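These notes concern the structure reproduced below.
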Amino acid sequence: MLDNLKKQFAELFGQENQNVFFAPGRVNLIGEHIDYNGGLVLPSAVTFGTYLLTAPNKDGVFRFRSTNFPEQLDIPVQDAYKKEGKEWFYYPLGVIHHLLQEGKKVEGLDLLFFGNLPIGSGLSSSASVEVVMAYALNELFNGGLSRLDIVKLTKKVENEFIGVNSGIMDQFAVTFGEKGKAIKLNCETLDYQIVDCNLGDHYLAIINTNKPRKLAESKYNERVRECATALQALQQKLVVNNLCDIDSETFHANKALITDSVVLRRAQHVIEENERVYLAAKALAENRLEDFGQLMYASHDSLKNLYEVSGVELDTIVEFCLSYPEVTGARMTGAGFGGCAIALVKKDAFEDFSEKIAVYYTEKIGYAPSVYSSEIGKGVSEL
Ligand code: GLA
C-alpha cells in the first residue's frame, strides 16, 4: 500500500516524498460524552488511520491532496487562515493556522493524505487527520511541541477552527495510544494510566451502521450546552467545576435543582457513565470481561434513553448482540447519531456473528452494515 502511495505522490507532485507519518483512529471502550464534563474515559487507538506523505517545496505553497477526496487546495504560506467551506483540507489547514498563532515557523510543503478509516463514522477520522498533520509539522520544522502540546493544539483546531465543541478524548487517544492497551484518562487533570486491554478469547468487533451522519455537529453542540445548563443549576448549591465532580448519591440528593426534565436526564447519564468507567477499567484490569460487558450494555442503554444520542441503527446492532450468546458486551462508540458500535465477540464465533448481524441489520434497516475485527494499535508516529 505504501509503495502505491509513494508512486501517487511522485505522479502528483513531480518529486519523491521524503517522510511518511501515520496517526490512528480510536474506539472508546466506555465513557461516552464524558470528556467535556471533566470525567473518566477509556479509549484505545486502532490500527486504521491516516497516512501523510510529505516533501518540502521551494514555492512557499501548501499543496493538499488526498486519495479519498477529489477536492484539493494550493495555498501560499501566510500569517493566518480561515475555514471557508466543508472540504477535508480545512482540518490540516486549521492545524497550520493554530501553529502560526503559537509563533511556530512553517514552510511550503507538498502533502498527500490517505485514510483507511471509515470517514465520519465515530472513529475519529478528523482527530486522526489533525494529529498526523500537527505531528508532521512539529517534526519537520522542529516545533518543539510535546505530545501533550499536540493534543491541546489539535483540540483547539476542532473547537475554534472547525467549530465543534468536542472534548479532548479523541486527540489524546490518537496521540498517546499504545498497542494492546487502553488509556484511562481523567479529562479534567489529564492524568492517565495505561491499562492492559486483554480481551482473552474475544475480538473487539467494530460494526459501522453506514448511516450518513446529518446534524451530528449541531446535536453534539446541543448536548454540550445541556450539560452546561445542568452544571449551572447544580452549582446553585454544590461547589463543583464539572458534572463529573458529582457522584450519583450527591446527584440524586440535589437533582431538584434541575427543573428541566431533559437536562436532568442528560446530567444523570453523565454522572452514572463516569462511575461506570471507573468500574469498567477495574474489571478489565482484573480480567472480569463478563462484568466489563455488562457495563458496556448499561452504557448503551443510558446513551439511548437518557442522553438520546443513539438511534434505530445503533440500537439494532446492540439488540442483536444481546440476543447472540457469544457476544459479551456491546455499545455505541463515539458521539453517536449513527457511526459505529463495538462488541466483544468470542473469536470462534466471529465469522458467524458477522454474517448473522449483517442479515439482521439489513432486514431491519434496509442497507448493510460493515463489520470489522480491530486490533488495538499505537499512537501517531513517523514510519
Ligand atoms: C466525539 C468527540 C469527543 C467525545 C465523544 C463522545 O468523538 O470528539 O470529544 O465527546 O464524541 O464521547
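The figures here come from the full heavy-atom set of this structure, side chains too, leaving out hydrogens, waters and symmetry mates. Just follow the structure's listing: the first ligand is 1, and inside any ligand the first atom is 1. Since the model is a prediction, treat every value here as computed from it, not as a measurement.
For the pair Glu226 and Arg223, the salt-bridge criterion is met [side-chain N within less than 4.0 Å of a carboxylate O]. Taking a cutoff of 4.0 Å between a charged side-chain nitrogen and a carboxylate oxygen, Lys364 and Glu313 do not qualify as a salt bridge.
For Arg288, the salt bridge (charged side-chain N to carboxylate O under 4.0 Å, His left out) partners at least two apart in sequence or on another chain are Glu286, Asp291. Every residue two or more places apart in sequence or in another chain that forms a side-chain contact (heavy atoms from CB on, under 4.5 Å) with Glu275 is listed here: Asp247, Ser248.
Every protein residue with a heavy atom nearer than 4.0 Å to ligand 1 is included here: Arg26, Glu32, His33, Asp35, Tyr36, Ser166, Gly167, Met169, Asp170, Tyr220, Gly334, Ala335.
Other cluster members for Ile207: Tyr203, Tyr297, Val312, Ile317, Val318, Phe320, Leu322, Tyr324, Val327, Val345, Phe350, Phe353, Ile357, Tyr360, Tyr361, Ile365, Tyr367, Val371, joined by side-chain heavy-atom distances under 4.5 Å among Ile, Leu, Val, Met, Phe, Trp and Tyr.
Between Tyr51 and the choices Phe9, Phe21, Phe22, the ring-ring contact (aromatic ring centres under 6.0 Å, His included) rule is met once, by Phe22.
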